[in-house]
Amino acid sequence: MPSSPQTIDALLTRSEQIAGLTLAEIAAHLGVQLPANARKEKGWTGQLIELWLGATAGSKPQQDFPHLGVELKTLPIDRNGRPLESTYVCMTPLLNARGETWQSCNVRNKLAQVLWVPILAERAIPIAQRIVGNALLWRPSAAQETILKQDWEELMEAVAFGQIEQLTARHGEALQLRPKAANSQVRTKAIGPNGQIIETLPRGFYLRRSFTESLLRNYF
DNA sequence: AAGTGATCATGT
DNA sequence: ACATGATCACTT
């Protein structure tokens with residue numbers, strides 16, 4: 001069981017060791033079983049890489065490597081290096097939307113420094129044969145942070161003013177709000193149009209594919 | 001093909 | 001119920 005890296009250099013070295021390997025090879029190193037039904041175990045790849053890199057397992061709303069200030073994200077890409085999916089960031093606070101600021105919010109905290117681990121993961125490739133790419137440690141540029149901050153403030157203002165039901169995935173240039181729940185029947189409390197408490201579908205913040213694609217391009 | 005809304009597994 | 005890890009699946 002890998003221990004948690006104590007320095008960023010150690011983390012990067014660890015990530016370099018799996019560049020070019022298939023997920024089956026990494027699973028074998030770790031003694032992890034391949035998923036019987038990969039379509040259902042959607043988080044398996046991310047958890048495998050977490051294990052290899054020694055991320056703190058668990059479901060706490062924090063960075064994966066708190067002592068390093070680094071968040072880990074696997075990023076499914078096609079053969080041209082284009083992201084195949086949007087990237088989940090964190091849950092959207094719907095009830096205490098006021099009292100949150102960009103400086104203090106979880107989105108900013110998680111995106112302050114991200115180790116992106118690209119995975120060649122076209123759907124036609126069986127999960128065992130998917131290949132890990134070269135990881136890159138990213139910090140948002142001033143321009144990128146400006147966009148993220150603007151999106152976050154626009155979305156959270158709507159949430160704070162009881163407009164959650166009017167928000168869709170079409171809002172936001174880089175950050176979007178989408179459902180984040182076991183199914184569409186799940187409910188959580190939110191602020192309603194008249195300031196009352198309403199029940200609504202839980203939402204999460206996601207990075208658009210176009211945003212992660214552009215940040216990848218800056219490295220290659 | 002792209003984008004949005006829905007969903008699956010697991011741990012606390 | 002809420003948070004993590006995300007991708008699936010349907011509409012446009």
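Below, chains carry the letters A, B, ... as their sequence lines are ordered, and counting in each starts from 1. No experiment lies behind these values; they were computed from the predicted model shown.
Here the P atom of nucleotide C/dG5 and the CG atom of A/L115 are 13 Å apart, to the nearest Å. In this entry the distance linking CZ of A/R203 with C1' of C/dA3 reads 17 Å, nearest Å. Spacing between atom CD1 of A/I49 and atom C1' of C/dA6 amounts to 13 Å, rounded to whole angstrom units. If you measure from atom CD1 of A/I127 to atom P of C/dA6, you get 12 Å, rounded to the nearest angstrom. One can place CG of A/L207 at 15 Å from C1' of B/dG3, the figure rounded to the nearest angstrom. At whole-Å resolution of the value, CG in A/L84 and P in C/dA9 are 15 Å apart. Between the CG atom of A/L72 and the P atom of C/dA3 there is a distance of 20 Å, rounded to whole Å. Summarising the geometry, the separation between CZ on A/R130 and P on C/dA6 is reported as 13 Å, rounded to the nearest angstrom.
Over its full length, the helix from B/dA1-C/dT12 to B/dT12-C/dA1 turns its helical axis through 30°, comparing axes from the five pairs at each end and rounding to 10°.
Panel note: side chain A/Q196, backbone A/N194; a donor-acceptor pair is recorded below 3.5 Å. Judged by distance alone, with hydrogens and angles left aside, the side-chain atoms of A/E213 form no donor-acceptor pair with the main-chain N or O of A/S210 at under 3.5 Å. With hydrogens and angles disregarded, a donor-acceptor distance shorter than 3.5 Å links the side chain of A/R203 to the backbone of A/L201. Remark: side-chain polar atoms of A/T13 are paired, donor with acceptor, to backbone N or O of A/D9 under 3.5 angstrom. Put simply, the side chain of A/D78 never gets that close to the backbone of A/E122: no donor and acceptor are under 3.5 Å apart.
Looking at A/E199 and A/T188, their side chains never bring a donor and an acceptor atom within 3.5 Å of each other.
The distance from the CG atom of A/L21 to the NE2 atom of A/H29 is 6.0 Å, given to the nearest 0.5 Å.
Nucleic acid contact for A/R209: base, since at least one base atom lies under 4.0 Å from a heavy atom of the residue. Within the 4.0 angstrom heavy-atom criterion, no nucleotide atom of any strand lies near A/P202. The residue A/K189 sits apart from the nucleic acid: no heavy atom pair falls under 4.0 Å. Here A/R123 lies in heavy-atom contact (under 4.0 Å) with a base. Heavy atoms of A/N37 sit nowhere under 4.0 angstrom from any nucleic acid atom.
For the side chain to side chain contact (heavy atoms under 4.5 Å, CB included) criterion with A/L12, the lone passing option out of A/L137, A/V70, A/L53, A/L136 is A/L137.
Interface residues of residues 154-178 of chain A facing DNA chain C, ordered by number: A/R178; criterion, heavy-atom separation under 4.0 Å. DNA chain C lies under 4.0 Å from at least one heavy atom of each of the following residues of residues 85-95 of chain A: A/E85, A/S86, A/Y88, A/C90, A/M91.
Side-chain contact between A/Q163 and A/V159 is absent, with no heavy atoms from C-beta onward closer than 4.5 Å.
By the 4.5 Å side-chain criterion applied to Ile, Leu, Val, Met, Phe, Trp and Tyr, A/Y88 is assigned to a cluster that also includes A/M91, A/Y206.
Of the two residues contacting DNA chain C, namely A/V186 and A/D64, the nearest-nucleotide position lying further toward the 5' end is that of A/V186.
Remark: A/Q33 engages no residue in a side-chain contact (heavy atoms from CB on, under 4.5 Å) (not counting sequence neighbours).
Summarising the geometry of A/E50 relative to A/D64, their closest heavy-atom pair is OE2-OD1, 3.5 Å, with the distance given to 0.1 Å. The two residues A/I164 and A/I191 come nearest to each other via the heavy atoms CG2-O, 4.1 Å.
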task = Take nucleotides 7-12 of chain B nucleotide by nucleotide from the 5' end and write B, S or -, depending on whether a protein heavy atom sits under 4.0 Å from the base, only from the sugar-phosphate, or from neither.
result = BBS-BS
